[in-house]
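In what follows, chains are A, B, ... by sequence order, proteins preceding strands, each numbered from 1. Computed over heavy atoms, backbone and side chain alike; hydrogens, waters and symmetry mates excluded.
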2 protein chains.
Amino acid sequence: MICATLDLIANKWAVPIILTLARARAASPAPNGVPPLRFSELSRAIPLITQKELTKQLRALETAGLVGRRVHAAVPPKVEYWLTDLGLSLRPVLDELGKWAAKNGPRLARPNSKQADSARQEAAE
Amino acid sequence: MICATLDLIANKWAVPIILTLARARAASPAPNGVPPLRFSELSRAIPLITQKELTKQLRALETAGLVGRRVHAAVPPKVEYWLTDLGLSLRPVLDELGKWAAKNGPRLARPNSKQADSARQEAAE
DNA sequence: CTGCATCCTAGAAGATACTG
DNA sequence: CAGTATCTTCTAGGATGCAG
């Protein structure tokens with residue numbers, strides 16, 4: 001079931017979204033409430049993401065319980081998202097991942113490229 | 001670039017393969033050489049994987065430097081794989097991931113309705 | 001402002017058959 | 001034994017446009 005967790009965070013935009021929300025949570029000294037981000041704020045904070053993807057990922061993360069969502073029924077619409085405690089508990093995982101990536105990432109020869117790797121030695125015993 | 005790392009291990013069979021090789025490395029007291037696994041041994045250890053997928057993933061992991069590969073030019077063919085030190089260094093990451101999954105995984109409401117039928121493979125904890 | 005619906009393409013992954 | 005080679009299906013993800 002470690003794969004279920006991976007499926008959760010391995011999507012292209014899941015990590016940026018989580019980190020953005022985590023930053024928002026850390027940036028504000030909200031004592032009793034978590035400072036939420038609006039949809040448009042998230043969209044601006046992650047410029048390259050599509051609205052569709054942002055929506056989809058937020059739904060997935062919400063379903064998993066990592067992200068909270070509140071709709072303010074008003075005009076104009078206002079929907080806020082925040083990282084739940086469960087979502088925040090992912091930080092050690094992401095940090096560990098980040099540590100490894102920082103250390104070994106630079107050396108990562110692109111993994112899934114179809115580049116014919118010529119430098120594979122065929123040891124003939 | 002944390003995403004590059006994720007791309008590496010987020011593939012369906014990457015984790016089972018790495019864990020299998022890691023188990024092989026831990027299981028033997030090889031002092032100067034790492035105990036390798038043959039292609040067929042890997043295939044048997046991960047019964048549900050396709051040959052094509054096994055080959056593809058091994059190539060990707062090899063390119064990334066996580067897995068070593070040695071071909072013995074002989075009949076019958078014999079190709080051995082082992083986890084490199086770099087590959088082994090991923091363990092803390094996977095362990096952290098596993099810890100989180102063990103604690104919060106049971107509560108994960110299906111994120112993308114991804115039926116993980118490979119759960120049989122993950123007795124690593 | 002939010003976010004659903006629709007169409008589209010590239011790549012992941014499975015099944016099966018064949019080869020040195 | 002250790003792979004390639006096809007063929008097929010499925011889904012992630014991008015590009016719109018429309019609606020409440």
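- Minimum atom distance to the side chain of Arg38(B) is reached by dA2(D), of the listed dA15(C), dA2(D), dG13(D).
- In this entry the distance linking CD of Gln57(B) with P of dA13(C) reads 6 Å, nearest Å.
- Whole-Å rounding puts the Leu54(B) CG to dA13(C) P distance at 13 Å.
- Across dA2(D), dG14(C), dT4(D), the shortest atom-to-atom separation from the side chain of Lys12(B) is found for dG14(C).
- Rounded to whole Å, the distance from CG on Leu37(A) to C1' on dC1(C) is 15 Å.
- In this model, the phosphate group of dG14(D) is approached by a side-chain N or O of Thr50(A) to a distance below 4.0 Å at OP1 or OP2.
- Relative to the side chain of Pro77(B), the nucleotides dC1(D), dG13(D), dA13(C) differ in distance, and dC1(D) lies closest.
- In this structure, Thr84(B) contributes its side chain and Gly68(B) its backbone to no donor-acceptor pair below 3.5 Å.
- Atom-to-atom, CZ of Arg69(B) to P of dC1(D) comes out at 17 Å; the value is rounded to the nearest Å.
- Taking the side chain of Glu53(B) as heavy atoms from C-beta on, and the options dC1(D), dG3(C), dG14(C), the nearest nucleotide is dG14(C).
- Taking atom CG of residue Leu58(B) and atom C1' of nucleotide dG3(D), one finds them 11 Å apart after rounding to whole Å.
- The side chain of Lys52(A) lies closest to dA15(D) when the candidates are dA15(D), dA5(D), dC4(C).
- Taking 4.0 Å as the cut-off between side-chain N and carboxylate O, Lys99(A) and Glu96(A) count as a salt-bridged pair.
- As rounded to whole Å, 14 Å separates atom P of dA12(D) from atom CG of Asp7(B).
- Both Tyr81(B) and Gln51(A) lie near DNA chain D, and the one whose nearest nucleotide falls closer to the 5' end is Tyr81(B).
- Residue Asn11(A) places its side chain closer to dG13(D) than to any other of dT2(C), dA12(C), dG13(D).
- Side chain of Ser43(A) to main chain of Phe39(A): no donor-acceptor pair is present (N/O by atom type, distance under 3.5 Å, no hydrogens or angles).
- Between Leu61(A) atom CG and dG3(C) atom C1' there is a gap of 16 Å when expressed in whole angstrom units.
- Side-chain atoms of Arg25(A) come within 3.5 Å of backbone atoms of Leu83(A) as a donor-acceptor pair (strictly under, hydrogens ignored).
- Checking the phosphate oxygens (OP1, OP2) of dA2(D), no side-chain nitrogen or oxygen of Arg59(B) falls inside 4.0 Å.
- For Pro76(A), the side-chain atoms get nearest to dC1(C) when compared with the rest of dC1(C), dG14(C), dC1(D).
- In summary, the side chains of Trp100(B) and Ser89(A) do present a donor paired with an acceptor at a separation below 3.5 Å, with no hydrogens or angles considered.
- Considering only side-chain atoms of Ser40(A), the nucleotide from dG14(D), dT2(C), dG14(C) that sits closest is dT2(C).
- The CD1 atom of Ile49(B) sits 14 Å away from the P atom of dA2(D) (whole-angstrom rounding).
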